[in-house]
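Everything below concerns the one structure shown next.
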Amino acid sequence: MVEKTIELTGISANSVEEAVQLAISRAGVTIEGIHTAHVEDIAAMVEANRVVRWRVRVKVTFQVKDELHE
């Protein structure tokens, strides 16, 4: 089996969890079989002394298909 890991960034005004979910959901549109997500970094974007957005860096892993293309 071969797996591939890629790095994604998710941003949400609501929560860290939503930022992670948005990154995974969006990647899932074109990538099948994501099975692991590792949150590497969490940052809060601040304006006027208030947290306005959450940004997360996520590494997601999925299995590379064994099919050969002709």
Side-chain angles (χ1 to χ4, degrees):
M1 172 175 33
V2 174
E3 296 182 324
K4 183 170 186 169
T5 301
I6 62 171
E7 186 174 282
L8 305 171
T9 300
I11 300 172
S12 169
N14 298 318
S15 69
V16 170
E17 292 84 359
E18 183 175 270
V20 172
Q21 186 60 59
L22 287 169
I24 294 169
S25 295
R26 180 64 181 91
V29 171
T30 55
I31 298 169
E32 290 184 32
I34 295 172
H35 61 77
T36 304
H38 180 81
V39 177
E40 294 280 306
D41 187 48
I42 300 171
M45 293 181 249
V46 177
E47 293 176 8
N49 297 323
R50 295 182 50 103
V51 173
V52 293
R53 285 180 300 285
W54 292 98
R55 180 171 48 203
V56 296
R57 189 167 36 99
V58 183
K59 287 192 177 179
V60 295
T61 303
F62 55 95
Q63 185 174 350
V64 175
K65 291 184 179 181
D66 289 333
E67 300 171 8
L68 296 175
H69 300 286
E70 293 184 28

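Keep in mind that the numbers below use all heavy atoms, side chains included, and drop hydrogens, waters and symmetry copies.
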Check the surroundings of atom CZ in Arg55: do more than 12 heavy atoms from other residues, nucleotides or ligands lie under 6.0 Å from it?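 Counting neighbours around CZ of Arg55, 12 or fewer heavy atoms of other residues, nucleotides or ligands fall under 6.0 Å, so no.
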[atom2] on [Y] to [atom1] on [X], rounded to 0.5 Å:
X     : Y     : atom1 : atom2 : answer
Leu22 : Leu8  : CG    : CG    : 11.5 Å
Asn14 : Arg53 : CG    : CZ    : 12.0 Å
Glu3  : Thr36 : CD    : OG1   : 6.5 Å

Please find the pair of heavy atoms, one from [X] and one from [Y], that lie closest to each other, and give the distance.
X     : Y     : answer
Lys59 : Glu40 : CG-CG, 3.7 Å
Glu32 : Phe62 : O-CB, 3.8 Å
Ile6  : Ile31 : CD1-CD1, 3.5 Å

Not counting sequence neighbours, list each pair that qualifies as a salt bridge (Lys or Arg N to Asp or Glu O under 4.0 Å) and has a residue in residues 21-31.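 For residues 21-31, and leaving out neighbouring residues, there are no salt bridge (Lys or Arg N to Asp or Glu O under 4.0 Å) pairs at all.
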Side chain to side chain contact (heavy atoms under 4.5 Å, CB included) with Glu17: which residues, sequence neighbours excluded?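 Glu17 satisfies side chain to side chain contact (heavy atoms under 4.5 Å, CB included) with Ser15 only.
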Checking Asn49 now: which residues fulfil side chain to side chain contact (heavy atoms under 4.5 Å, CB included) with it, not counting sequence neighbours?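 In terms of side chain to side chain contact (heavy atoms under 4.5 Å, CB included), with neighbours along the sequence ignored, Asn49 is linked to no residue.
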Tell me, with the steps shown, if His38 and Thr5 meet side chain to side chain contact (heavy atoms under 4.5 Å, CB included). CA-CA 10 Å; His38 180 81; Thr5 301; over 6 Å; no
Taking the side chain as C-beta and beyond, is there a heavy-atom pair between Val39 and Val16 under 4.5 Å?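 Counting from C-beta outward, Val39 and Val16 never come under 4.5 Å.
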Is there a path of hydrophobic side-chain contacts, each under 4.5 Å between heavy atoms of I/L/V/M/F/W/Y residues, joining Val51 to Val20?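 Cluster IDs for Val20 and Val51 match.
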Group every Ile, Leu, Val, Met, Phe, Trp and Tyr by side-chain heavy-atom contacts under 4.5 Å, then state whether Met45 and Ile42 land in the same group.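 Looking at the clustering, Ile42 is in a separate group from Met45.
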